[in-house]
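Notes follow the structure.
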Amino acid sequence: MLEVMETLAVQTKLDAQATLFQQGDEGDTLFALEDGTLEVSVISQEGRKLALDVIQPGNLIGEIALFDPGARTATVTALEPCTLLSITRSDLIPAILANPQLGLDITAAAAKRMRFLTEQLHQQAFLRLPERLARKILHLTSQQPDVGQLAISQEELADFTGASREAVSKALSKWRQNGVIDLKRQKIIILDRDELRSLGGADII
């Protein structure tokens with residue numbers, strides 16, 4: 001997939017905190033992240049932000065636009081300077097027709113993303129904050145080279161769990177007292193990953 005993108009796509013660069021696209025924008029372009037990290041979030045009608053995921057290099061963004069051109073379903077923002085490859089639907093469709101496996105690969109990526117987002121909505125609707133918080137910390141650290149710590153503020157964690165900063169701070173403080181984590185300035189150090197999995201629920205691997 002990335003080989004095709006490199007052949008047909010245009011390179012795009014984003015500064016830290018720049019927006020790639022916003023929820024509701026018209027979209028007909030697929031992106032592949034080469035370098036940096038991106039945050040995917042949605043905004044409620046009341047203006048409350050819910051961060052859904054952090055995208056790492058090697059992943060696609062905006063693949064839904066290839067199958068159903070229309071309004072973007074989420075906002076994507078650069079957490080640090082990013083380099084991306086972009087290709088429009090009109091340029092990519094001929095490549096898919098010439099190489100059906102490419103279409104299958106993109107469909108698989110889209111299905112994986114939709115499965116993940118469905119799970120996020122399930123957690124938001126049915127799990128208590130401690131379970132959501134533990135799962136989110138485990139997920140975010142699983143994408144980083146050092147899975148033992150997570151560089152994130154408590155306000156950002158509140159965005160990821162749909163909770164208030166005060167509620168997140170209370171849960172983290174309790175885990176710190178119990179020796180599950182340690183807290184540094186805008187950083188969480190995982191001391192007992194097994195216990196964190198237990199806090200997140202029995203179905204976490």
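Numbers here simply count residues along the sequence, with the first being 1. Computed from heavy atoms alone, side chains included, the values below leave out hydrogens, waters and symmetry copies.
- Between L191 and R176, the closest side-chain pair of non-hydrogen atoms is not below 4.5 Å.
- Considering only heavy atoms from C-beta on, L129 comes within 4.5 Å of R132 through its side chain.
- A donor-acceptor pair is defined here as one N or O able to donate and one able to accept, closer than 3.5 Å; no such pair exists between the side chain of Q177 and the backbone of K174.
- Using a 4.5 Å heavy-atom cutoff, the side chains of V42 and T73 are not in contact.
- For residues 153-196, no pair satisfies ring-ring contact (aromatic ring centres under 6.0 Å, His included), with sequence neighbours left out.
- Residue K49 forms a salt bridge (charged side-chain N to carboxylate O under 4.0 Å, His left out) with just one option from E39, E155, E156, and that option is E39.
- Using a distance-only test at 3.5 Å, with no hydrogens or angles considered, no donor-acceptor pair links the side chain of N99 to the main chain of I96.
- Side-chain N or O atoms of E63 include none that pairs as donor or acceptor with a backbone N or O of L30 at under 3.5 Å.
- Between the S44 side chain and the E46 main chain, a donor and an acceptor come within less than 3.5 Å of each other.
- Looking only at side-chain heavy atoms (C-beta outward), I137 and I152 stay at 4.5 Å or farther from each other.
- A donor-acceptor pair is defined here as one N or O able to donate and one able to accept, closer than 3.5 Å; such a pair exists between the side chain of K136 and the backbone of L52.
- Applying the salt bridge (charged side-chain N to carboxylate O under 4.0 Å, His left out) rule to D28 yields no partners; only residues at least two apart in sequence or on another chain are considered.
- Not counting sequence neighbours, the partners of D194 by the salt bridge (charged side-chain N to carboxylate O under 4.0 Å, His left out) test are R197.
- At least one donor-acceptor pair under 3.5 Å links the side chain of D192 to the backbone N or O of E195.
- Between R89 and D91, no side-chain nitrogen of the basic residue sits less than 4.0 Å from a carboxylate oxygen of the acidic one, so the salt-bridge criterion is not met.
- Residue pairs meeting the ring-ring contact (aromatic ring centres under 6.0 Å, His included) criterion with at least one partner in residues 68-121, sequence neighbours excluded, are F116-H139.
- Counting only residues at least two apart or on different chains, no side chain to side chain donor-acceptor pair (under 3.5 Å) pair has a member in residues 157-166.
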Residues 76-85 side chain polar contacts: donor-acceptor under 3.5 Å, at least two apart:
from	atom 1	to	atom 2	distance (Å)
E80	OE2	T37	N	3.2
E80	OE2	T37	OG1	3.1
T83	OG1	K13	NZ	3.1

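- Under the 3.5 Å distance criterion, the side-chain polar atoms of R72 are left unmatched by any main-chain donor or acceptor of G24.
- Q124 and Q120 share no donor-acceptor pair across their side chains, judged by distance under 3.5 Å alone.
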(message) What verdict does the side-chain contact (heavy atoms from CB on, under 4.5 Å) test give for Q154 and L183, after you've listed the backbone C-alpha separation in whole Å, the side-chain angles of each residue and the deciding distance to 0.1 Å?
(response) CA-CA 10 Å; Q154 293 185 16; L183 299 174; 4.2 Å; yes
